[in-house]
Structures are given as C-alpha cells and as structure tokens.
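Working notes, structure below.
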2 protein chains.
Amino acid sequence: MPMNDKTNTKMNRRDKLREATMAEIRHIARELLVSNGAQAVTVNAVARKMGMSGPALYRYYSSQNELIEALRLDLYSELVNTLTSARERSGATDPECRLLAICRALRQWAVTHPAEFGCLFATPAPMGLERCTNASQSGRAFGQVFLEEIVAIWRTKRFPIPSLEDMDPSLAEQLCKYSERIDGALPPEAAYIFLSCWMRLYGLLCMEVLNQIGFAYSDLEPVYEECLQDLCRLLDIPYEEPVPAGHAGTIRKDRLREAGL
Amino acid sequence: MPMNDKTNTKMNRRDKLREATMAEIRHIARELLVSNGAQAVTVNAVARKMGMSGPALYRYYSSQNELIEALRLDLYSELVNTLTSARERSGATDPECRLLAICRALRQWAVTHPAEFGCLFATPAPMGLERCTNASQSGRAFGQVFLEEIVAIWRTKRFPIPSLEDMDPSLAEQLCKYSERIDGALPPEAAYIFLSCWMRLYGLLCMEVLNQIGFAYSDLEPVYEECLQDLCRLLDIPYEEPVPAGHAGTIRKDRLREAGL
C-alpha cells in the first residue's frame, strides 16, 4: 500500500529530524557542562546557544532534569563503548588481562573527561535503589562491564573470599540481597570482593578527577597502578604492568634502574 | 585620648555590624546549598532572600566565587571543630583511639551534612598546588587533625612502611616533596601510609554521601568500620569497636550471636 509507505517515510523523516535536533541539544549541553560545569546546563542556556526559544526546546526535553538525564545516558554509553573497545583492543582472552585493560581505560577516560566523570559519578544520585530511569540502567550496563570479568574469574579459578559468618550481620544481609539482585552471578562473599574492588577504584578516581589529593600527589598514575596491584591480590590474579605507548614490551624506569641503566 | 577611643568604638560598632551581615549572608548561602544544591548559591539568590539588592550584597562579597569560598571556610572550620570535639570527648590520650574517634566523627558529619561534604570534597578543586586561598588553608587545618595523630603514632611506636626503592620513581619523588612540605613531620615512606589511609576514607565517604553504591549497599556503617580495621592494620594499631550510643561497653550483634543470644 503506497499511501502507507509514504506516511511511514514521512513519519520517519520527521522522527529523524527530531532525533537530530535532540542529539544537537545534548551535544551543546555537554559543551556547557565541560566549559562551565553542571550548573551551566540549563534548558535556557542550551536554547540560547542553538538560537531557539526556551519553550521550543521544552518540546524536546520537558525539563532540565530530563535534559541532564539524557546527557548522562550519552555519557554512560560512551564510557561503556570506551571500556569494551579497550577490552577488545587488548586482544586478551583471559578475564584477568581484560579486567586490567578495562580499569586502565576507565582512568584514561576519567582524567581526560573530568567534567563528564563528575556528572556521572560525583554528583549526588537520587536516594532509593529502584530508580527505574534510563540513566540508572546505563549505570548498570557500566557496572556490568566490570562484573562480567569478575564473574569469569570467579567461575574459572575462584578467588579468596571472607566468611559471611565473620561479618557484621547487616553487611552479610546486604550482600545476600545484592547477590540475588545480580541473579546469583556471584555468591554474596564473592560479591563482597567485587564491591571492594569497585569502591577502591572509585575513590581513587574521584580523588584524582576532583583534584582532592593535589596537596600531596600531582601524578596519580603510579598510585592507580598500585591500587590495581591490590585488586590483583584480592582477586588472586597476576598483575601485568601497563604497556607503555609505543613500546612492545613493558619497560619501567625501576626495571632499568635495577639493571643499572 | 577620648576622641580616638570614640572613633575606635564607632569603627568597631560598624565592623561588628558588617561582620553580622556577612555571617547572615553565609548562613543563607548555606541554606541554599543544603536545600537546592551548590548551583543555587548565587549572590542574587542570597540577596533576594535577605531583601537586599544584588549590588548591595556585592559590597560584602564581590563575587559568587568569593561567597562560596567564604562558605567553604565556615564549613571547614565547623568540620575541624566537630573532629577535635570528638577527639576530646573520646577522652583518649593515645593517638590510636583518638584517630578512630576522629574518623568516626568525620563519617557522622559527612552523612548528616551531605551537601556540605559535597561542597568541600566533591567539587573539583582548582588545579595547581599553591592556591594560597583561605579555604585551602582551612583544608590544610582539616588534614592536620588526622596528620597529627598519625605523626604521634609514628613517633611513639612506628608502623610498617614500604621501601621507596621498590616504588615507582615518580611516586617516590612526589612523596619526598610532600614530606618536605609537611616539614618532615613524617618521612616519605610514612607519608605514603598516611596518604593511603586518607584516600581509603575519602573514597568510601564520597561513595556514601553521593549515593554511588546504593545499587548494592544501603547501610555503609559496617563497610566503613571494615575500612577502619584495614587502616588499623596498616598503622599496626589495635582496632576498637565503636561504643554504641547509650552503651557503656561495646556490644555487637555478632558478639551476641556468638554468645547464643
């Protein structure tokens, strides 16, 4: 039926235009975030930059919250892509190496995108576990990238776990619930190790990105690598030093010094 | 000379009025921070709430930055008072117990003042070490409260330290510079342990206050206590369980369970 076809094509074209406008809005919102901080991302500021009126923009995003939520969704998806690309690029088939590749790509993204990292991880998230928003689902997709490797390590070789009995009962209970929530992919004790790893990485990234340790450290890369060593100990996997850009092997200054160079 | 006296009194009275107005401005700025977030703390918003004009308020704080800096100064000083009061209230004379009291008071303040914690610790600090502002000096006063106890522990009983030789050379160099900056109060190796402790606490507090771990944990107190246990291991000091409010002794549910209660 050609008429229907034509209607569909028309609809599609209109939808595509709408999509393109919405993408442009989010693009400008991100520019504002990066140049002037999260507080600068307002519907009116974006509208002004686009030569639209505020009310016209509200036809695309009906509130500032909705706009920022959409922006966060973009950022999560970019971050997930960055992490999975780094994972594939590493060429590693074992979860240990894949995990290290992911962790390093996370820091790389964080330090090169501090405003974006801040928007995702250093602004208060609404309280309440079950905020069924798109952005929180993207947040889960992000966590999933890490969780998958830890699950793979757990399934293939296990790692040392604490006993629930020795834990504070409230903590043990929370871990059991969380284990259920991830469909038992990890038992509560192994979930504890996963969460400990994530909390260590998160804290360090916040310190660096928010420049809260500048009073002591100006270069946090070696501190991050030490943290990765700790993680490897927790997960009982070998720690592999990062491959310096442009090097095939891993040559570190201390190695050279040890060799008397 | 009575005339001089009178002039002084007049000056003092005017200064006092000015001080009171400035305190009220900061009080309202804090209310805005708590109720609507940092982005709501603008000179105009404060002026509106005080029934002043914006330009009138600029005679007290000449920019939004200056206003927020003044607010941060207040917050740091409140936090330092909170920590030192908890330290005194603990009645402990040994630095181990004093340190635990301070760490617990820090979490207490953070979780009861999330907006204020966010303003001090979860907003990007300007880059560059030597930002000689009042707020950064207050930041140092805050760090000093922790540093003092670690220095006392180091002086009286030492704790295990890593070797600079085994470290990444850039890290070792940064630690040497930091040790100099704190006038050698801790040698670089011991400073490393101090900074590791602080980074662990900081990361956990950010996770809790910014609700970034809500996907797994709803109550972080036991996780914080485990972190304090780790710190005690790092510092080779005994871990003392917190005294529950209203209890003279330390009774924990797991203890009761162990006792079959």
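Labels below follow one simple rule: chain letters A, B, ... track the order of the sequence lines, proteins then strands, and each chain is numbered from 1. Quantities reported herein were computed from a predicted structural model and do not represent experimental measurements. Every heavy atom of this structure was used, including side-chain atoms; hydrogens, water molecules and symmetry mates were not.
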| How long is the span from the CD atom in B:E208 to the CE atom in A:M199, to the nearest 0.5 Å? | 10.5 Å
| query | Could you give the distance from CG (B:L204) to OG (A:S196), rounded to the nearest 0.5 Å? | reply | 9.5 Å
| field | Which atom of A:Q212 lies closest to which atom of B:T123, heavy atoms considered | value | NE2-O, 3.3 Å
Quiz: residues 34-49 of chain A side-chain donor-acceptor pairs under 3.5 angstrom, not counting sequence neighbours:
| unit_1 | atom_1 | unit_2 | atom_2 | d |
| --- | --- | --- | --- | --- |
| A:S35 | OG | A:E31 | O | 2.8 |
| A:Q39 | NE2 | A:N36 | O | 3.0 |
| A:T42 | OG1 | A:A45 | N | 3.0 |

| What part of B:L171 gets closer than 4.5 Å to chain A, counting heavy atoms only: side chain, backbone, both or neither? | both
| message | Determine whether a donor-acceptor pair (N or O, by modelled atom type, separation under 3.5 Å) exists between the side chain of A:R181 and the backbone of B:F215. | response | yes
| remark: Closest non-hydrogen atoms of B:A122 and A:L210, given as atom of the first, atom of the second and distance, are CA-CD1, 3.6 Å
| said: Return the CE to CZ distance between A:M207 and B:R200, rounded to the nearest 0.5 Å. | reply: 12.5 Å
| query | Taking all non-hydrogen atoms of both residues, which atom of B:Q174 and which atom of A:S218 are closest, and how far apart? | reply | OE1-N, 2.8 Å
| said: What I'd like to find out is whether the side chain of B:E221 reaches to under 4.5 Å of the side chain of A:D168, using heavy atoms alone. | reply: no
| request: Tell me, for A:S179 versus chain B, whether the close heavy atoms (under 4.5 Å) come from the side chain, the backbone, both or neither. | output: neither
| Closest contact, heavy atoms only, A:D219 versus B:S170 | OD2-OG, 3.3 Å
| said: Is A:F121 in contact with chain B via its backbone, its side chain, both, or neither, using a 4.5 Å heavy-atom distance? | reply: both
| Region of A:E226 in contact with chain B, defined by heavy-atom distances below 4.5 Å | side chain
